[in-house]
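Here the structure is laid out as structure tokens; the discussion comes afterwards.
Numbering starts at 1 and runs along the sequence shown. What's counted below: heavy atoms across the whole structure, side chains too, no hydrogens, waters or symmetry copies.
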Amino acid sequence: IRHKEQRALLEHMKKEENVHLQYFSELIKKGQSPTALLPLWALCGYCLGALSSAFGFKATMLVTENIEKVIEEHYQEQIDYLEKSKANKH
């Protein structure tokens with residue numbers, strides 16, 4: 001990567017992802033079962049990142065932005081479900 005700003009952003013993103021990886025790795029160590037699809041997700045994530053990076057920085061950021069959007073929507077659905085379930089128990 002030739003541009004310092006791009007390199008700094010990618011390093012920052014890498015650090016954040018490593019924090020997430022460490023968090024979930026700790027959950028697995030504590031007995032939380034990961035999905036059986038985890039190896040497939042890892043492979044697909046790697047391939048998507050490699051493929052998008054072949055098209056350049058802008059393509060990589062576009063893919064990343066859309067993935068993050070889907071993840072945030074999924075998390076919100078989970079939060080809504082849990083809050084609704086909690087409200088129905090009372």
>> How long is the straight-line distance from CD of Gln76 back to OH of Tyr81, given to the nearest 0.5 Å?
In response: 15.5 Å
> Can Glu16 and His20 be counted as having a side-chain donor-acceptor contact under 3.5 angstrom?
Replying inline: no
> Is it true that Glu83 and Lys86 have a side-chain N and a carboxylate O under 4.0 angstrom from each other?
Replying inline: no
> Roughly how far apart are Leu9 CG and Arg7 CZ, rounded to 0.5 Å?
Replying inline: 12.5 Å
> With a 4.5 Å heavy-atom cut-off, do Glu73 and Lys69 have their side chains touching?
Replying inline: yes
>> Is the shortest side-chain heavy-atom distance between Ile67 and Leu48 below 4.5 Å?
In response: yes
>> Any non-hydrogen side-chain atom of Pro39 less than 4.5 Å from a side-chain atom of Leu43?
In response: no
>> For Ala59 versus Ser52, what's the shortest heavy-atom pair and its separation?
In response: CB-O, 3.7 Å
>> Within the structure provided, determine whether Thr35 and Trp41 are in side-chain contact (heavy-atom separation under 4.5 Å).
In response: yes
> Got Phe57 and Leu10 here, is their nearest side-chain heavy-atom distance under 4.5 Å?
Replying inline: yes
> Regarding Gln22 and Asn18, is there a side-chain donor-to-acceptor distance under 3.5 Å anywhere?
Replying inline: no
> CD of Glu68 to OH of Tyr75: how many Å apart, nearest 0.5 Å?
Replying inline: 8.5 Å
> How about His74 and Gln78: do any of their side-chain heavy atoms sit closer than 4.5 Å?
Replying inline: yes
> In terms of hydrophobic clusters joined by side-chain contacts under 4.5 Å, are Val63 and Tyr46 together?
Replying inline: no
>> I need the Thr64 OG1 to Met61 CE distance, nearest 0.5 Å.
In response: 4.5 Å
> How far does OG1 of Thr60 sit from CE of Met13, to the nearest 0.5 angstrom?
Replying inline: 8.5 Å
